[in-house]
Amino acid sequence: PWCEKENPIIKKLGTEYNLKIYRLDATNFFDNDTNQYTEDGKKFLNSNEVYKDGYGTPNTIIVKDGTIVDGIYQYEDEAGLLELFKNNGFINE
């Protein structure tokens, strides 16, 4: 539900500021029946040190040259997301 709450904000900012935003759907990363990560989930956890202890959602991350350089690892309102994009040079106001 937090991703669903944040998605419209991300879309709005992306449209307003012409940002290139990619969405990753992590719903298939964990199998509730077996209580284990799926193969895709394991790949994701191993993809970056940030996720070594697991992850929550939503995650809004800034990636430059294939490396995570900043992020918010929980729900964030419009002001907080705007600040993230500004701090990383995607929005100049």
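Owing to the predicted nature of the structure, the values given are computational and were not obtained by experimental measurement.
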Connected via hydrophobic side-chain network under 4.5 Å: Val69 and Leu81:
yes
Spatial distance of atom CG (Asn88) from atom NZ (Lys64) [nearest 0.5 Å]
5.0 Å
Check the side chains of Asn28 and Asp40 for a donor-acceptor pair under 3.5 angstrom, ignoring hydrogens and angles.
no
Look at the side-chain heavy atoms of Ile, Leu, Val, Met, Phe, Trp and Tyr, link any pair under 4.5 Å apart, and say whether Trp2 and Tyr55 land in one connected group.
no
If I take atom CD1 from residue Ile9 and atom OH from residue Tyr75, how far apart are they, to the nearest 0.5 angstrom?
3.5 Å
Asn46 and Tyr51: side chain donor to acceptor below 3.5 Å
no
For residues 8-28, the salt bridge (charged side-chain N to carboxylate O under 4.0 Å, His left out) pairs (sequence neighbours left out) are Lys12-Glu16, Lys12-Glu78
Nearest 0.5 Å please: distance from the CG atom of Asp31 over to the OH atom of Tyr37.
12.5 Å
Separation between CG of Asn59 and CG of Leu24, rounded to the nearest 0.5 Å:
9.0 Å
CD1-CG distance between Ile91 and Leu19, expressed to the nearest 0.5 angstrom:
5.0 Å
Is a side-chain donor or acceptor of Asn48 paired with a backbone partner of Val50 at a separation under 3.5 angstrom?
yes
Supply the atom-to-atom distance Thr38 OG1 to Lys43 NZ, rounded to the nearest 0.5 angstrom.
9.0 Å
Could you tell me whether the side chains of Thr60 and Glu6 share a donor-acceptor contact shorter than 3.5 Å?
yes
Would you indicate whether the side-chain heavy atoms of Tyr73 and Ile61 approach each other to under 4.5 Å?
yes
Whether Phe29 and Phe44 hold their rings parallel, tilted or perpendicular, with breakpoints at 30° and 60°
tilted
Check whether Leu45 and Ile68 end up in the same hydrophobic cluster, where Ile, Leu, Val, Met, Phe, Trp and Tyr are linked by side-chain heavy atoms less than 4.5 Å apart.
yes
So, are Glu39 and Lys42 salt-bridged, with charged N and O less than 4.0 Å apart?
yes
My understanding is that only one of Asn18, Ile62, Leu82 makes a side chain to side chain contact (heavy atoms under 4.5 Å, CB included) with Phe90; could you say which?
Ile62
Run the side chain to side chain contact (heavy atoms under 4.5 Å, CB included) check on Phe30 and Asn35 step by step: do they pass?
CA-CA 7 Å; Phe30 193 81; Asn35 203 33; 3.3 Å; yes
Specify the closest pair of heavy atoms between Thr57 and Cys3, including all atoms of both residues, with the distance to one decimal.
CB-SG, 3.6 Å
